[in-house]
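To keep things clear, I will list the structure first and then write my remarks on it.
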Number of protein chains: 2
Amino acid sequence: MRIRQLECFRTLMIHGTMTRAAELLSISQPAISSTIANLEHETGLKLFVRKGGRLQPTPEARLFFVEAERALEAVEKTNRVAKEIRTGKRGHLAIAAYASISINLLPRLMAEFAKERPGLELKIITRNSQSVRELMTTQQFDLAIAELPLDYPTSNMEVISYECQCMVPISHPLADRDVITPADLDGVPFVSLFKGDPIYQQLAMAFSAYGSSWNVVAETEFFSTACELVCSGMGVGIVDPVVSRPFTGNLVLKPFSPAIKYEIALLLPTQEEPSQLAREFAHYLRQHL
Amino acid sequence: MRIRQLECFRTLMIHGTMTRAAELLSISQPAISSTIANLEHETGLKLFVRKGGRLQPTPEARLFFVEAERALEAVEKTNRVAKEIRTGKRGHLAIAAYASISINLLPRLMAEFAKERPGLELKIITRNSQSVRELMTTQQFDLAIAELPLDYPTSNMEVISYECQCMVPISHPLADRDVITPADLDGVPFVSLFKGDPIYQQLAMAFSAYGSSWNVVAETEFFSTACELVCSGMGVGIVDPVVSRPFTGNLVLKPFSPAIKYEIALLLPTQEEPSQLAREFAHYLRQHL
DNA sequence: GCCTCTGTATAAGTTAAATCTATAGGGTGG
DNA sequence: CCACCCTATAGATTTAACTTATACAGAGGC
């Protein structure tokens, strides 16, 4: 039994004549005739009686019609679902990410991403970067975002790196500089991330290389906290320019030299092939970082 | 999308390798390979990644698999239903019949007929022969059985005619005759059907032709009542040998000459084509009358 | 009664899917 | 490094579904 036979049968049952069915299916009348003849032969059912040059469905045809319609609907649904999967309207996107990005960036991006894909199921979970890395190995997530460096490297990892910028209050004397260096910040009160953070280490090396005195007056866990403190006039600081954007409205951002690299990684599943949706979202994410 | 593609896909998803799927479907490995390639191309979905010479289903394939299985089940059900219709295991058989046959013969025959066709829905309704004839025109019944003659003839009618037999009590003097004629029954107490019945008229003509005296001591509506009366020693009578069988156990049946014809008609739908089941049951009935 | 209209069936040829056999090529493990 | 297992490709074959052309059959108008 072939789908085309059922389609011809259905159209013929609904519209009564082969000529009309052929028109509706945009094929010739003999095509319907032989397809129906095949269906009758293969099912062993006499579906129509030729009576006065016209067709009349038999009671068997009416019984068969009920099932044929169900089967066609199921097949047509399969086609629809294939299209939904292809266009990302069906499926799920489970993402594990570390706190800053998961709170400040992902909700907006995922909402935008899902807006064009009604039917998509979203899931987002927030953990520290190392936990995120471990969650990824449990195969429960389609994509993870972690800060670098990780304890051990992963294949299927894409590093996104960009340069942090120096933030100063609007009225600060340094606000009109084009580039800020450690020399400009000699002894200036500074809000930094925690000592364990790679950013801290890069800054320490930069100040040391310039022979400047790095006057750390506060250490925070997140960039956002640092932004608030700088806003309050506690000093200057350094931020990643993307994730922290919502918090830097009342501040001035300036390039910092030497470059302080902020590196995060997009992790894709290792065992399994990443889903098309995960790849698309990763691409989307890349464009917005 | 073709059914064969879904079958190949399902087998491949379940069994993991193309070689194994090919074995199970009794086709060659390249056949699976190209069919799957076609399915991937037509759905626009990347269903498998070729990894280390092996296949690995993508997340999209897992989503698609759910729908593919549903569609295949629906198609397979359609095949099963076609077979059930063909073998009479699906469908309905609604019969309208006059009282005697509907009570004495049909229940047993229909039960036997249905025993080999589990799933068949039965319906039987009892009316007088003229009502049965009219019910048939309402298209609600697949088959009707009426006594002849009918007020007006019908196309799609098959007449079944057989000869009535003379019934006498076991100890009756006529019980050892080979054939009984009106001459043998001259003045003998006789149980007949009602005057309006064709049987009555045929008997009257037969006795008149033989110049014998027809001594009607009782008139009944049904053969079965006549049987009971003859059993009780009220006289002799005449019955149809098939429908009355359950009531003639304690009687002797002998051929009667001249032939008294008992005629009934099998009526099939006129507007619509009769169902295969109706034809089969009509055939079955013919063999048992 | 014949002709036209409408609808179905048959014949002959085309295209593409699904199949075959034969073969190449890529990983994995002893 | 070779043997084994699996997949992909090439070229040929079969058949379903389709085409056009045409024959055939019943219904209805004149």
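So you know, we letter chains A, B, ... as the sequences are listed, proteins then strands, and number each from 1. None of the values given here were measured: they were computed from a predicted structure.
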Practice task
With the side chain counted from C-beta on, respond yes when B/Gln202 and B/Lys261 share a heavy-atom pair under 4.5 Å apart, and no when they do not.
Solution key: yes

Handout entry: Check: A/Phe64 and B/Arg86 side chains under 4.5 Å, non-hydrogen atoms
Key = no

Handout entry: Residues, nucleotides or ligands: over 12 heavy atoms within 6.0 Å of B/His288 NE2
Key = yes

Problem - Contact list for DNA chain C against residues 29-40 of chain A - heavy-atom distance below 4.0 Å - result: A/Gln29, A/Pro30, A/Ser33

Less than 4.0 angstrom from a charged side-chain N to a carboxylate O is my criterion; do [X] and [Y] meet it?
X        : Y        : value
A/Glu67  : B/Arg80  : no
A/Arg10  : A/Glu7   : no
B/Glu134 : B/Arg127 : no
B/Glu73  : B/Arg70  : no

Fill in the blank from the handout: Comparing nearest nucleotides in DNA chain D, the 5'-proximal residue of the pair A/Arg54, A/Ile27 is A/Ile27

Exercise for the section: Give a yes/no answer on whether the side chain of A/Ser28 brings an N or O atom under 4.0 Å of OP1 or OP2 in D/dT20. Expected result: no

Problem - Phosphate OP1/OP2 of D/dG26: any A/Arg50 side-chain N/O under 4.0 Å - result: no

Handout entry: A/Thr58 side chain to A/Leu47 backbone, donor-acceptor under 3.5 Å
Key = yes

Rounded to whole angstroms, how far apart are [atom1] on [X] and [atom2] on [N]?
X       : N      : atom1 : atom2 : result
B/Glu42 : C/dA16 : CD    : C1'   : 11 Å
A/His41 : D/dT15 : NE2   : P     : 14 Å
A/Glu23 : D/dC18 : CD    : P     : 16 Å

Handout entry: Interface with DNA chain D, restricted to residues 6-20 of chain B and to heavy atoms under 4.0 Å
Key = B/Thr17, B/Met18, B/Thr19

